[in-house]
Amino acid sequence: MSGTTIDHERELIRILQAAHAGELAAAYAYQGHWRSRIGTRRRPEREEIQRIEAAEWHHRNQVADLLAVLGSGPVRWRELLMGTIGRFFGTLCFVGGRFLPMYAAGRLEAMNVGQYVDAAAHARASGHEVFGDQLDAMVDEEARHEAWFSDQCRGHWMLPAVSVIGRWSPAELTPEGTAAAETARD
């Protein structure tokens, strides 16, 4: 990566500010998402989405801590905007069926992975190696989220068309997804 240490730190701050607001939107969207999964047979989905929501709140706290160490903080207008967007999409989960919320969440998680990968690179380029390690752990968690949501929407009849429009396709099949697919076939 080219640029000065200061350039990389500025870019790191910019990415972290966006991530902080994005985690708020994701957490609020997931609140609506898990609440929309009503019924006993949907309990496993509900519990996993709740776990993912908790991870988003945890990442938001971690990002806030990184921003504070860098002498910065959240951008208020972005926080308000993303909070509103997250609540709006959380509400849509009650009317969007099962597939569309799962697809949207998978796409969102894929974007989070890329954002944290970039942040880790800028952290290291600006001399914040420990931040890079912390951000790598966040990449791993966000990738697990993407894989889970990918497993939930893979094989749906709308996926080919929605993938073209949404510009995202599910991640590779996980062992859990393979087992679920085999159970569904039996």
Side-chain angles (χ1 to χ4, degrees), residues 1-34 48-90 101-153 163 166-172 174 176:
M1 297 182 87
S2 62
T4 67
T5 300
I6 293 171
D7 292 337
H8 289 291
E9 190 169 289
R10 283 187 187 134
E11 187 61 14
L12 173 61
I13 290 169
R14 187 194 65 72
I15 293 169
L16 292 177
Q17 288 170 329
H20 190 266
E23 295 289 4
L24 180 65
Y28 282 153
Y30 293 151
Q31 280 180 1
H33 196 167
W34 67 257
E48 182 60 18
I49 297 167
Q50 285 175 314
R51 190 195 70 71
I52 291 170
E53 178 202 345
E56 301 301 327
W57 288 116
H58 178 68
H59 288 172
R60 183 170 156 80
N61 290 334
Q62 288 179 300
V63 170
D65 291 345
L66 296 177
L67 284 168
V69 170
L70 293 168
S72 189
V75 176
R76 183 154 173 72
W77 69 265
R78 178 174 266 160
E79 296 288 319
L80 291 170
L81 175 66
M82 296 305 283
T84 302
I85 289 170
R87 288 179 190 268
F88 173 75
F89 279 101
M102 293 293 186
Y103 178 87
R107 186 179 189 288
L108 172 68
E109 294 299 337
M111 291 169 32
N112 290 351
V113 168
Q115 190 174 47
Y116 287 129
V117 165
D118 291 346
H122 285 291
R124 289 186 175 93
S126 63
H128 299 286
E129 187 66 36
V130 174
F131 289 8
D133 294 343
Q134 187 174 0
L135 290 161
D136 287 342
M138 293 165 77
V139 166
D140 293 343
E141 180 68 20
E142 297 291 345
R144 280 191 291 278
H145 300 172
E146 179 188 4
W148 188 81
F149 286 115
S150 292
D151 289 347
Q152 304 311 302
C153 65
S163 292
R167 296 179 311 215
W168 175 78
S169 294
E172 291 184 29
T174 64
E176 295 82 11

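Quick caveat: nothing in here was measured; it's all calculated off a predicted structure. In this chain, numbering begins with 1 at the start of the sequence shown.
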- request: Decide yes or no for W34 and I52: does some side-chain heavy atom of the first lie under 4.5 Å from some side-chain heavy atom of the second?
  value: no

field: Any donor-acceptor pair under 3.5 Å from D7 side chain to T4 backbone
entry: yes

Among E146, H145, R144, side chain to side chain contact (heavy atoms under 4.5 Å, CB included) partner for E142: H145

field: Contacts of type side chain to side chain donor-acceptor pair (under 3.5 Å), residue D133, not counting sequence neighbours
entry: R124

message: Give me each pair satisfying salt bridge (charged side-chain N to carboxylate O under 4.0 Å, His left out) with a member in residues 24-34, each pair once, sequence neighbours excluded.
response: none

task: Report the residues that fulfil side chain to side chain donor-acceptor pair (under 3.5 Å) with R78, sequence neighbours left out, ordered by chain and then residue number.
output: none

message: In the structure I gave you, are the side-chain heavy atoms of L135 and L66 within less than 4.5 Å of one another anywhere?
response: yes

- line: Across all chains, not counting sequence neighbours, the side-chain contact (heavy atoms from CB on, under 4.5 Å) partners of A104 are none

- line: Interatomic distance, CG@L81 vs CG@L24, rounded to 0.5 Å, equals 10.5 Å

field: Flag side-chain contact, heavy atom, 4.5 Å: S72 against Q17
entry: yes

- prompt: Taking C-beta and beyond as the side chain, do R107 and M102 meet within less than 4.5 Å on heavy atoms?
  reply: no

query: Got a sec, which residues hit side-chain contact (heavy atoms from CB on, under 4.5 Å) with E11, two or more places apart in sequence or on another chain?
result: R14, I15, H122

- prompt: Does any N or O in the side chain of E23 come within less than 3.5 Å of the main-chain N or O of W57, such that one atom is a donor and the other an acceptor?
  reply: no

- prompt: Residues two or more places apart in sequence or in another chain: which of them pass salt bridge (Lys or Arg N to Asp or Glu O under 4.0 Å) with E53?
  reply: none

- prompt: Donor-acceptor pair, S150 side chain versus A171 backbone, under 3.5 Å?
  reply: yes

- request: Indicate yes or no: at least one non-hydrogen side-chain atom of E9 is less than 4.5 angstrom from one of I6.
  value: no

- prompt: Who pairs with E79 by side chain to side chain donor-acceptor pair (under 3.5 Å), at least two apart in sequence or on another chain?
  reply: H20, R60

- request: With sequence neighbours left out, write down each residue that passes side chain to side chain donor-acceptor pair (under 3.5 Å) with R10, or none if nothing qualifies.
  value: none

task: Check ring-ring contact (aromatic ring centres under 6.0 Å, His included) between W168 and all other residues, then give those that pass, not counting sequence neighbours.
output: Y103

For S169, all residues meeting side-chain contact (heavy atoms from CB on, under 4.5 Å), sequence neighbours excluded: S163

message: Testing the 3.5 Å rule here: is there a donor-acceptor pair between the side chains of H58 and E141?
response: no

query: Going by the angle between their ring planes, with limits at 30° and 60°, are Y30 and H33 parallel, tilted or perpendicular?
result: tilted

field: ring-ring contact (aromatic ring centres under 6.0 Å, His included) partners for Y116, two or more places apart
entry: none

message: Restricting to side-chain contact (heavy atoms from CB on, under 4.5 Å), what partner residues turn up for R87, sequence neighbours left out?
response: Y28

message: Would you say that I49 contacts Q31 through its side chain, given a criterion of any heavy-atom pair below 4.5 Å between the two side chains?
response: no

